[in-house]
Amino acid sequence: DRLKKEPFNVDTETRLFDHPYLAAARAGTLTLTQRKAFALEQHGVQLSDATSFAALAGNPGFVPSSLAGAVLPGLVRPPEDLFRFLLGGEVYAAPLLLAYAEGLGLDGDALRHHRSSARAQAYPSYWARIALAGRRSAGAAACAANFPAWGKMCAGLLEALADPENGYG
């Protein structure tokens with residue numbers, strides 16, 4: 001709880017909840033181009049995060065070119081390991097993101113060949129550095145501080161995209 005109350009975290013949460021993309025989603029003004037950009041960037045985030053979580057879970061060789069149809073690598077740490085759990089979440093979410101992308105007219109080739117924006121990949125870059133250094137405790141602290149805010153932001157985006165009044169259909 002102390003980390004969540006730190007000024008940097010409070011400021012970050014506020015900025016996430018007030019992010020212009022989320023505000024536009026709630027207002028029903030996201031364009032198809034903006035929604036496609038989100039799916040394309042999120043695909044890169046998901047693949048990078050899965051690779052980082054696998055390394056932190058003791059499976060540094062898990063470096064798939066796609067998470068579509070991916071299978072969790074063998075156990076190296078106990079099954080309840082935080083990073084294996086997070087890796088499982090990325091693998092589980094992969095087909096959901098693919099279905100969303102396909103609904104926007106994007107296919108697997110478009111996702112794989114997209115050149116990611118450095119601005120959109122800052123957080124996965126942070127995870128990659130944590131994984132490369134094997135800093136499991138720093139990763140656990142990042143989860144404790146950031147994931148509740150990220151989850152709330154994702155829930156808000158889902159709610160906005162699913163709201164029939166917003167016309168995202």
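Expressed to the nearest 0.5 Å, how far CD of Gln42 lies from CG of Leu111 amounts to 11.0 Å. Remark: Thr12 OG1 to Arg15 CZ distance equals 6.0 Å, nearest 0.5 Å. To the nearest 0.5 Å, atoms CG (Leu82) and CZ (Arg77) are separated by 11.0 Å. Note: Asp49 CG to Leu56 CG = 10.5 Å, rounded to the nearest 0.5 Å. Atom CG of Leu40 is separated from atom CZ of Arg35 by 13.0 Å, given to the nearest 0.5 angstrom. Taken to the nearest 0.5 Å, the CG atom of Asn59 stands 8.5 Å off from the CG atom of Leu72.
A donor-acceptor contact shorter than 3.5 Å links the side chain of Arg84 to the backbone of Pro73. Side chain of Asp81 to backbone of Ala57: no donor-acceptor contact under 3.5 angstrom is found. The backbone N or O of Arg26 lies less than 3.5 Å from no partner atom in the side chain of Asp163, so there is not a single donor-acceptor pair. For Glu13 (side chain) and Val10 (main-chain N/O), no donor-acceptor pair under 3.5 Å exists by modelled atom type. With hydrogens and angles ignored, the 3.5 Å screen pairs a side-chain donor or acceptor of Ser52 with a backbone N or O of Ser48. At distances below 3.5 Å, not a single donor-acceptor pair connects side-chain atoms of His43 with backbone N or O atoms of Ala39. Using modelled atom types, one side-chain atom of Thr51 and one backbone atom of Leu47 make a donor-acceptor pair closer than 3.5 Å. Using modelled atom types, no side-chain atom of Glu41 and backbone atom of Ser116 make a donor-acceptor pair closer than 3.5 Å.
More than 12 heavy-atom neighbours from other residues, nucleotides or ligands sit within 6.0 angstrom of CZ on Phe147. Annotation: Glu165, atom CD; neighbour count of heavy atoms from other residues, nucleotides and ligands within 6.0 Å does not exceed 12. Residue Glu102 qualifies as enclosed at atom CD: its count of foreign heavy atoms under 6.0 Å is above 12.
Of all heavy-atom pairs between Asn166 and Ala160, the closest is ND2-O, 2.8 Å. Across all non-hydrogen atoms, the minimal contact from Ala149 to Phe17 is O-CE2, 3.5 Å. Across Ala25 and Leu30, no two heavy atoms sit closer than the pair CB-CD1, 3.5 Å. Taking every heavy atom of both residues into account, Ala68 and Leu98 meet most closely at CB-CD2, 4.5 Å. Closest heavy-atom contact between Gly139 and Phe83: C-CZ, 3.9 Å. The minimum heavy-atom distance linking Tyr126 with Ala142 is given by the pair CE2-CB, 4.1 Å.
Under the 4.5 Å side-chain heavy-atom criterion for grouping Ile, Leu, Val, Met, Phe, Trp and Tyr, Leu158 is not connected to Met153 through any hydrophobic cluster. In the hydrophobic clustering of ILVMFWY residues, with side-chain heavy atoms under 4.5 Å counting as a link, Tyr100 and Tyr168 come out together. Hydrophobic clustering places Leu104 together with Leu161 (ILVMFWY residues linked when any side-chain heavy atoms are closer than 4.5 Å, directly or through intermediates). The hydrophobic clustering, which links ILVMFWY residues whose side-chain heavy atoms are closer than 4.5 Å, places Tyr123 and Val45 apart. Linking Ile, Leu, Val, Met, Phe, Trp and Tyr residues whenever their side-chain heavy atoms come within less than 4.5 Å leaves Val91 and Leu97 in two separate clusters.
Ion pair Asp107/Arg112 not flagged as a salt bridge, since none of the NZ, NE, NH1 or NH2 atoms sits closer than 4.0 Å to an Asp/Glu carboxylate oxygen.
Less than 6.0 angstrom separates the ring centroid of Phe53 from the ring centroid of Trp127.
Residues Asp11 and Pro7 are not in side-chain contact: their nearest non-hydrogen atoms beyond the backbone lie 4.5 Å or more apart.
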Requested in this report: Could you go through the side-chain contact (heavy atoms from CB on, under 4.5 Å) check for Phe38 and Leu157 one step at a time?
Outcome: CA-CA 11 Å; Phe38 175 82; Leu157 180 59; 3.7 Å; yes
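Checked by atom type, the side-chain pair Ser125/Arg129 shows a donor-acceptor distance below 3.5 Å.
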